[in-house]
Amino acid sequence: MKTKKLHLFEYNCISYFLIRCAFVGICLNNLLIISKQDSWLSVILAFILGFIPLGIFYLIISHNPKENITDFIKNSLGNVFGSIVNIGIIIFVFMFTSLLLWNLINFIGSQYLYKTPNLAISITFAIAIYYITSKSINVIGRCSIILFYISAFLFVFSGIGLMFNLDISNIKPTFEYGFTPILNGSLNYISYNVLPLFLITIIPKNELNGSNKKFVRNSIVTYFIATLSLFIVTFFLLSIYGIEYASLLQYPSYHILKRLSILGFIQRVESIMSIQWILDLFVVIVMGLYFVKTSLRQTFNFKDYKLVSFGLVVLLVIVTHYLFKNNTVDNKIIMNIFPFFNYLFFLIIPTIVLLFRKIQDKIS
């Protein structure tokens with residue numbers, strides 16, 4: 001049976017979570033180390049530079065609306081070489097998803113369930129992840145809408161409560177270390193909070209409900225709103241805590257909520273308000289596994305069995321449990337290694353394939 005087309009709002013909700021997914025515990029921590037009190041400027045610069053990969057992703061999905069990224073690569077490079085490239089991307093997307101699951105487990109284990117084994121937390125989430133990934137993209141889209149409303153509600157109320165604690169003097173002096181750290185911070189931000197939008201290319205454009213004009217407009221609005229939310233978090237964090245204290249925290253975006261005060265008397269609600277970060281990670285982990293499952297199915301031409309989803313979820317739990325064990329080593333990988341591979345697999349390779357496809361089209 002043919003599935004219904006995905007509504008543009010569902011598509012944009014997924015994009016919203018993809019942009020925000022790696023901010024808590026990963027990108028924000030990197031920004032504080034690289035750009036320090038100028039981290040908020042890095043977010044602004046990254047917003048501008050981020051239109052470059054956005055434009056490339058748009059060209060890829062618009063080249064042939066019937067193709068998703070897996071078909072695009074295979075049809076551009078040929079069946080053999082295209083399959084090799086697709087397998088490389090599949091492996092990396094799986095590793096990136098594993099990183100996000102590790103971050104989710106670490107966040108919950110350290111801030112909520114510090115007496116609960118990480119494996120137990122992982123298995124609990126794996127059940128929900130399996131159920132959703134075993135369904136169609138429409139189910140993921142509908143879930144993303146519900147979770148988006150919850151996330152937006154929590155974010156708005158968090159912002160209202162925190163705005164009374166702002167102290168602009170804490171973000172000064174600006175440009176103390178020059179422009180280079182700001183640029184480096186923006187490149188790190190793009191790698192973790194813009195390039196994951198590559199995952200959305202697994203959805204062919206002709207499976208979306210809406211005109212091309214609405215698609216472009218809504219995509220830009222979604223990009224702006226998601227980036228604005230992360231800019232607000234960064235600016236509020238530095239304005240309230242200052243760089244010296246903020247850089248000491250493992251999850252500063254969680255600890256800032258401890259200063260939350262809604263209407264001046266509702267306090268100590270950080271555990272509820274920080275659920276928004278859990279939702280970000282959860283949706284993108286689901287989307288990452290959906291990407292892997294769909295790309296595997298098209299690369300090796302097998303049917304979409306639920307057993308495949310189950311196997312991928314089990315493998316994800318095992319890989320995450322055994323691969324990420326040392327926080328010191330993991331933090332170095334997050335800072336120095338993953339950004340490089342994010343650019344390689346999410347931007348450089350797709351760009352090369354796009355250019356090759358354009359040359360093919362001109363020759364033919």
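Only this structure's heavy atoms are used, side chains among them; waters, hydrogens and symmetry mates stay out.
- The side-chain heavy atoms of S110 and Q250, taken from C-beta on, include a pair separated by under 4.5 Å.
- Summarising the geometry, atom CG belonging to L279 is positioned 11.5 Å from atom OG belonging to S144; distances are rounded to the nearest 0.5 Å.
- At most 12 heavy atoms of other shown residues, nucleotides or ligands fall within 6.0 angstrom of atom OH in Y131.
- Ring orientation note: the planes of F96 and F338 are tilted relative to one another, at an angle of 30° to 60°.
- V319 approaches S98 most closely through the heavy-atom pair CG1-OG, 3.8 Å.
- Listed by chain and number, the residues in a side-chain hydrogen bond (donor to acceptor under 3.5 Å, both in side chains) with N193 amount to none (sequence neighbours excluded).
- Closest approach of P350 and L344 over heavy atoms only: CD-O, 4.2 Å.
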| S295/T70 under side-chain hydrogen bond (donor to acceptor under 3.5 Å, both in side chains): CA gap, chis, key distance, verdict | CA-CA 6 Å; S295 191; T70 304; 2.9 Å; yes
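- Residues F291 and F94 place their aromatic rings such that the two centres sit no closer than 6.0 Å.
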| request: Go through the steps for F282 and I132 under the test side chain to side chain contact (heavy atoms under 4.5 Å, CB included), then give the verdict. | output: CA-CA 11 Å; F282 177 77; I132 298 178; 3.7 Å; yes
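- Taken together through direct or relayed side-chain contacts under 4.5 Å among Ile, Leu, Val, Met, Phe, Trp and Tyr, I146 and Y11 form part of one hydrophobic cluster.
- Side-chain rings of F153 and F157 approach one another, their centers coming within less than 6.0 Å.
- Using a 4.5 Å heavy-atom threshold, the side chains of D361 and H63 count as touching.
- For the pair I171 and Q37, the tightest heavy-atom approach, listed with the atom from each and the gap, is O-CG, 3.7 Å.
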| field | Candidate pair T133 and L312, rule side chain to side chain contact (heavy atoms under 4.5 Å, CB included), full reasoning | value | CA-CA 10 Å; T133 53; L312 286 173; over 6 Å; no
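- With contacts defined as side-chain heavy-atom distances shorter than 4.5 Å, the pair Y290/K135 does not qualify.
- Considering all non-hydrogen atoms of both residues, I285 and T97 come closest at O-CG2, 3.6 Å.
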Please report, to 0.1 Å, the donor-acceptor pairs under 3.5 Å made by any side chain of residues 73-83, with sequence neighbours excluded.
residue, atom, partner, partner atom, Å
K74, NZ, Q298, O, 3.0
N75, ND2, E67, OE2, 2.6
N75, ND2, D71, O, 3.2
S76, OG, F72, O, 2.6
S76, OG, R357, NH1, 2.9
S83, OG, N79, O, 2.5

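- Looking at V353 and I69, their side chains never come closer than 4.5 Å, going by heavy atoms from C-beta outward.
- By the criterion of side-chain heavy atoms lying less than 4.5 angstrom apart, applied directly or through intervening Ile, Leu, Val, Met, Phe, Trp or Tyr residues, I318 is grouped together with L316 in one hydrophobic cluster.
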| task | Kindly determine whether H7 and R142 satisfy side chain to side chain contact (heavy atoms under 4.5 Å, CB included), including the steps that lead there. | result | CA-CA 9 Å; H7 196 276; R142 289 193 292 270; over 6 Å; no
Show the atom names and distances, to 0.1 Å, of all donor-acceptor pairs under 3.5 Å that link a side chain in residues 181-190 to residues at least two apart or in another chain.
residue, atom, partner, partner atom, Å
N184, ND2, T180, O, 3.4
S186, OG, L183, O, 2.6
N188, OD1, N30, ND2, 3.2

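- Nearest heavy atoms, G242 versus N170: CA-CB, 4.0 Å.
- Between S247 and I33, the closest side-chain pair of non-hydrogen atoms is not below 4.5 Å.
- Y192 places a side-chain heavy atom less than 4.5 Å from the side chain of I334.
- At least one donor-acceptor pair under 3.5 Å links the side chain of N342 to the backbone N or O of S191.
- Transitive grouping of hydrophobic side chains (ILVMFWY, heavy atoms separated by less than 4.5 Å) keeps L41 and I34 in distinct clusters.
- Contact check for L54 versus L197: side-chain heavy atoms found under the 4.5 Å cut-off.
- Here the side chains of F148 and I14 are not in contact, with every heavy-atom distance at 4.5 Å or above.
- The neighbour count for F155 CZ, taken as heavy atoms of other residues, nucleotides or ligands under 6.0 Å away, is above 12.
- Side-chain contact of S274 with Y112: a donor-acceptor pair under 3.5 Å is present, judged by distance alone.
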| task | Run the numbers on W277 and S253 for side chain to side chain contact (heavy atoms under 4.5 Å, CB included), then give the verdict. | result | CA-CA 9 Å; W277 302 115; S253 53; 4.0 Å; yes
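- Taking the six-membered ring where the residue is Trp, the centroids of Y16 and Y223 are separated by 6.0 Å or more.
- Among L104, I333, I26, the one residue that satisfies the side-chain contact (heavy atoms from CB on, under 4.5 Å) test with L99 is I26.
- Minimum interatomic distance between K293 and S309 (heavy atoms only, all atoms of both residues): CD-OG, 3.1 Å.
- With hydrophobic clusters built from ILVMFWY side chains whose heavy atoms lie under 4.5 angstrom apart, V85 does not share a cluster with I359.
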